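Reviewing the structure listed below.
Quick caveat: nothing in here was measured; it's all calculated off a predicted structure.
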Amino acid sequence: METKGNKIGIWMDHSTAHLMEYSNTHFEIDTIESNFSQKEKADNLLKGEQYLYIKEREKQSKYHKKLMEVVQKYKEVILFGPTNAKEELFSALAADSRFWNIKVQVKQTDKMSPQQQHAFVKDFFGNS
């Protein structure tokens with residue numbers, strides 16, 4: 001996403017985030033992945049649950065940092081998706097003073113197709 005606007009929607013779960021900048025014209029979707037594969041999870045589990053927990057937290061932290069780099073370029077953000085990943089990112093944003101002037105909202109949704117995600121962001125910001 002080269003040009004940054006004022007509003008972005010982020011559909012996310014713990015492994016993938018789809019970023020959709022709100023626009024009245026075209027819609028561009030970028031993807032950020034947490035890069036924590038099932039094979040890696042299984043390999044780490046063999047080393048013990050504590051080791052797996054530490055590795056999962058490290059990967060999640062990197063995933064959040066990538067998303068936070070995007071969020072800081074916007075004035076309004078809607079985080080939505082089927083898991084509690086959006087609440088975890090929201091907590092990280094709320095704890096960081098760099099994001100206090102950004103309006104961030106969180107909405108629970110089901111799994112969605114890219115078209116449904118686009119429609120959700122368009123409706124959300126179109127009605128605000």
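Contacts classified as salt bridge (charged side-chain N to carboxylate O under 4.0 Å, His left out) and involving residues 88-101 (residues at least two apart or in different chains) are given here: D96-R98.
When atom types are taken as modelled, the side chain of Y63 and the backbone of A17 share a donor-acceptor pair closer than 3.5 angstrom. With S61 contributing its side chain and R57 its backbone, the two residues share no donor-acceptor pair below 3.5 Å.
Scanning both residues, V106 and E87, for their nearest heavy atoms gives CG1-OE2, 4.1 Å. Across K66 and I32, no two heavy atoms sit closer than the pair CD-CG2, 3.8 Å. Minimum interatomic distance between Q72 and I102 (heavy atoms only, all atoms of both residues): CA-CD1, 3.7 Å. The shortest non-hydrogen separation linking L67 to M12 is CD1-CE, 3.6 Å. Summarising the geometry of N84 relative to H14, their closest heavy-atom pair is OD1-CE1, 2.8 Å, with the distance given to 0.1 Å. Closest of all the heavy-atom pairs between M68 and L93 is CG-CD2, 3.7 Å.
At least one side-chain heavy atom of K107 sits less than 4.5 Å from a side-chain heavy atom of I78. When side chains are defined from C-beta on, V71 counts as touching I10, because their heavy atoms get closer than 4.5 Å. Annotation: side chain of M20 is in contact with side chain of Q117 (closest heavy-atom distance under 4.5 Å). Between K62 and Q60, every side-chain heavy-atom pair lies at or beyond the 4.5 Å cut-off.
Evaluation of the salt bridge (Lys or Arg N to Asp or Glu O under 4.0 Å) rule for D13 yields no partner, not counting sequence neighbours. By the side-chain contact (heavy atoms from CB on, under 4.5 Å) test, P82 is found to be paired with W11, K111, residues two or more places apart in sequence or in another chain being considered. When the side chain to side chain donor-acceptor pair (under 3.5 Å) test is applied to Q108, the partners found at least two apart in sequence or on another chain are K86. Here Q115 pairs with S113 under the side chain to side chain donor-acceptor pair (under 3.5 Å) rule; sequence neighbours left out. Scored by the side chain to side chain donor-acceptor pair (under 3.5 Å) test, E58 finds K55 as partners (sequence neighbours excluded). Every residue two or more places apart in sequence or in another chain was checked for a ring pair (Phe, Tyr, Trp, His ring centres under 6.0 Å) with H64, and none qualifies. By the side-chain contact (heavy atoms from CB on, under 4.5 Å) test, T31 pairs with T16, H18, E33, sequence neighbours left out. Listed by chain and number, the residues in a ring pair (Phe, Tyr, Trp, His ring centres under 6.0 Å) with F120 are F80 (sequence neighbours excluded).
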Open item on the list: Apply side chain to side chain contact (heavy atoms under 4.5 Å, CB included) to residues F124 and Q105 and explain how you reach the verdict.
Closed with: CA-CA 10 Å; F124 182 84; Q105 296 182 63; 3.5 Å; yes
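E21 and Y74 share a side-chain donor-acceptor pair at under 3.5 Å.
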